[in-house]
**Q** 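Below you will find the structure I want to go over with you.
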Number of protein chains: 2
Amino acid sequence: MRVSELSRHSGVPVATIKYYLREGLLPKGEATSATQAVYSETHLRRLRLIRALVEGSGVPLTKVRAILDALDDTGVDLHHLLGTVQYALTPETTPTDTPEWREAERNTEELLARLGWRVSPSSPARPRLTHAIATVMGLGYQVGPRTLDTYANAAHMTAERDLDRIDPAAPRERAVEHVAIITALMDQMLVALRALAQEDVSARRLRGTDARY
Amino acid sequence: MRVSELSRHSGVPVATIKYYLREGLLPKGEATSATQAVYSETHLRRLRLIRALVEGSGVPLTKVRAILDALDDTGVDLHHLLGTVQYALTPETTPTDTPEWREAERNTEELLARLGWRVSPSSPARPRLTHAIATVMGLGYQVGPRTLDTYANAAHMTAERDLDRIDPAAPRERAVEHVAIITALMDQMLVALRALAQEDVSARRLRGTDARY
DNA sequence: CCATTTGGATAGTGAAACTCTCTAATATTG
DNA sequence: CAATATTAGAGAGTTTCACTATCCAAATGG
């Protein structure tokens, strides 16, 4: 496959492919001469994965590269790969020195302790959760244990299902890709479903019971 | 309150406040002379909400404005407001003319029919869900009814809880803000919790049962 | 009365993700 | 084999977004 064909098969412009090559997101094709290189099915898969991450979840290219590097690092097991992918996908959150932050942090810790979740103290999702709680509280709304438990249970249900679908015996190439997908792309699905569920509940409660939609 | 004080109370630079005023995100203060205007508590609340949306969920300013306009439109009831906020928050998704899209669309329709959710046919969350499914399928992975049901149930649990917390009798100003918050900010909480839950499940399954984390 | 603040307008910045242009070397096709 | 098209590689240019900085003239505030 040459660049133009790679472009056609993926729908990505040649200029963009060249850009990805320059940025090291896509490995170089095998050069057959000074002005020619051939690309394989692997390149096409990789390209599709990049586009899925970028278009599907708006992941910045620097983070995409971090994820791809982790996929290619054969010394990492699935559990740590999942952590690495999450780390790359989680936006940085700097703790602020406010009362809300401290209260939110306590909520986070208590929740994790209550549920007994095995989570690394350095997991970037911790401050992210704290930040989300602190933001809502900063607007003057409570985020109590009842709400957190409900959300946590819902999150755990999806996580169980996600891990059910990973086959640790599958070829590493695939298993590793699968982990990237469940962590990065399934979020989109959950968020879309949440919007639909809210609409449903809202229709039932805030309108009559006989409305069509 | 003058601009400088508004800036101090909110932590947002004066230059940025002026920018928001120019962009119509923040209503003008009440002018007391050609070079002086006073801002109220309402301005401060509004400013905090803008920052929460921008920092908390990376909502583009154009969408923030759409949300704020909906909040200010007193002719809209809570149910429709929720729809409007969701509409503003949901990224546009253009259907593609591929087999994956059509299959994903069928999955979406069947899921909603199976669950009996009352969802408008024009809800932008539909194509968003379809797009998410189609993207995952385009990478060669199945998204079956089992997975969709699990995710849908989880989503519905959070939606029930969200609507429980809305007080339809509260002053419109507050109820309306609450709706914006649950649709926009609670997503972040759910996603963060999902990451933590995945780590927990992954630790239990992909590692031994005695590992510390 | 004089340094400081403000409103209002215009212009500039920096990051991110492309997109374009160019060159010399090859490939393809009629 | 000659005309046309394609490619790798590198650099520069473009667009969008969200600010940030600079000016200026009017107006406080001490």
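Letters A, B, ... are given to chains in the order of the sequence lines, protein chains preceding strands, and every chain is numbered from 1. Values below: every heavy atom of this structure, side chains too, minus hydrogens, waters and symmetry copies.
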**Q** As an exercise, state the distance from CG of A:Leu25 to OH of A:Tyr19, rounded to the nearest 0.5 Å.
**A**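 Interatomic distance, A:Leu25 CG to A:Tyr19 OH, rounded to 0.5 Å: 7.5 Å.
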**Q** First contact, last contact: which nucleotides of DNA chain C are these for chain A, 5' to 3', heavy-atom distance under 4.0 Å?
**A**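 Range of nucleotides touched by chain A: C:dA17 to C:dT28.
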**Q** Of all heavy-atom pairs between B:Ala154 and A:Thr158, which one has the smallest distance, and what is that distance?
**A**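 Distance-wise, the nearest heavy atoms are CB-CG2, 3.7 Å.
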**Q** Is it true that B:Arg194 and B:Asp187 have a side-chain N and a carboxylate O under 4.0 angstrom from each other?
**A**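 No.
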**Q** Around A:Tyr20, counting heavy atoms of other residues, nucleotides and ligands shown, do more than 12 lie under 6.0 Å from its OH?
**A**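 Buried by this count: over 12 neighbours within 6.0 Å.
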**Q** Counting only heavy atoms and a strict 4.0 angstrom limit, can you tell me which residues of residues 17-26 of chain A come near DNA chain D?
**A**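 Result for residues 17-26 of chain A: A:Lys18, A:Arg22, sorted by number.
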**Q** Kindly give the heavy-atom pair with the smallest separation between B:Val85 and B:Ala180, and that separation in Å.
**A**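 Minimum heavy-atom contact is CG1-CA, 4.1 Å.
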**Q** With nearest nucleotide decided by heavy atoms, which residue, B:Gly58 or A:Lys28, maps closer to the 5′ end of DNA chain D?
**A**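 Checking each residue's closest nucleotide, the 5'-ward one belongs to A:Lys28.
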**Q** For residues 32-48 of chain B, which residues have at least one heavy atom under 4.0 Å from DNA chain D?
**A**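 The answer is B:Ser33, B:Ala34, B:Thr35.
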**Q** Nearest 0.5 Å, please: how far is CG in B:Leu61 from CZ in B:Arg65?
**A**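 The CZ atom of B:Arg65 sits 8.0 Å away from the CG atom of B:Leu61.
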**Q** Under 4.0 Å between a side-chain nitrogen and a carboxylate oxygen: does that hold for A:Arg2 and A:Glu5?
**A**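 Yes, this pair counts.
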**Q** Any salt bridge linking B:Arg174 with B:Asp167? Criterion: basic side-chain nitrogen under 4.0 Å from a carboxylate oxygen.
**A**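 No, no charged N to carboxylate O under 4.0 Å.
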**Q** Can you tell me how far CG of A:Asp72 sits from CD of A:Glu173, rounded to the nearest 0.5 angstrom?
**A**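 So the CD of A:Glu173 and the CG of A:Asp72 are separated by 8.0 Å.
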**Q** For the residue pair B:Tyr87 and B:Pro124, what are the closest heavy atoms and their distance?
**A**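 Closest approach of B:Tyr87 to B:Pro124, heavy atoms only: CD1-CG, 3.5 Å.
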**Q** One thing to verify: whether A:Glu110 and A:Arg106 come together as a salt bridge, which I'm taking to mean a side-chain N less than 4.0 angstrom from a carboxylate O.
**A**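 The answer is yes: the pair qualifies as a salt bridge.
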**Q** Please give me the minimum heavy-atom distance between A:Ala192 and B:Ala125, naming the atom from each residue.
**A**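 That would be O-CB, 3.8 Å.
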**Q** Given B:Arg172 and B:Asp77, is the salt bridge (Lys or Arg N to Asp or Glu O under 4.0 Å) satisfied, shown in steps?
**A** CA-CA 9 Å; B:Arg172 185 191 149 82; B:Asp77 66 25; over 6 Å; no
**Q** Walk along DNA chain D from 5' to 3' and tell me the first and last nucleotide with an atom closer than 4.0 Å to a non-hydrogen atom of chain A.
**A**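 Both ends considered, the range comes out as D:dT7 to D:dG11.
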**Q** What residue pairs, at least two apart or across chains, pass side-chain hydrogen bond (donor to acceptor under 3.5 Å, both in side chains) with a residue in residues 122-147 of chain A?
**A**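 For residues 122-147 of chain A, and leaving out neighbouring residues, the side-chain hydrogen bond (donor to acceptor under 3.5 Å, both in side chains) pairs sorted by first residue read A:Thr108-A:Thr130, A:Glu109-A:Arg126, A:Ser120-A:Ser122, A:Ser123-B:Glu199, A:Arg128-B:Gln188, A:Tyr141-B:Glu177, A:Thr147-B:Arg161, A:Thr147-B:Arg165.
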**Q** For DNA chain D, determine which residues of residues 59-70 of chain A have any heavy atom closer than 4.0 angstrom to one of its atoms, and list them numerically.
**A**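 Close to the strand, none.
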**Q** Let me know which of A:Val59, A:Ile17, A:Leu26 forms a side chain to side chain contact (heavy atoms under 4.5 Å, CB included) with A:Ile50.
**A**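 Between A:Ile50 and the candidates, side chain to side chain contact (heavy atoms under 4.5 Å, CB included) is satisfied uniquely by A:Leu26.
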**Q** Report which part of the nucleic acid A:Arg8 touches: base, sugar-phosphate, or nothing (heavy-atom distance under 4.0 Å, all strands).
**A**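 If one applies the 4.0 Å heavy-atom cut-off, A:Arg8 turns out to touch nothing in the nucleic acid.
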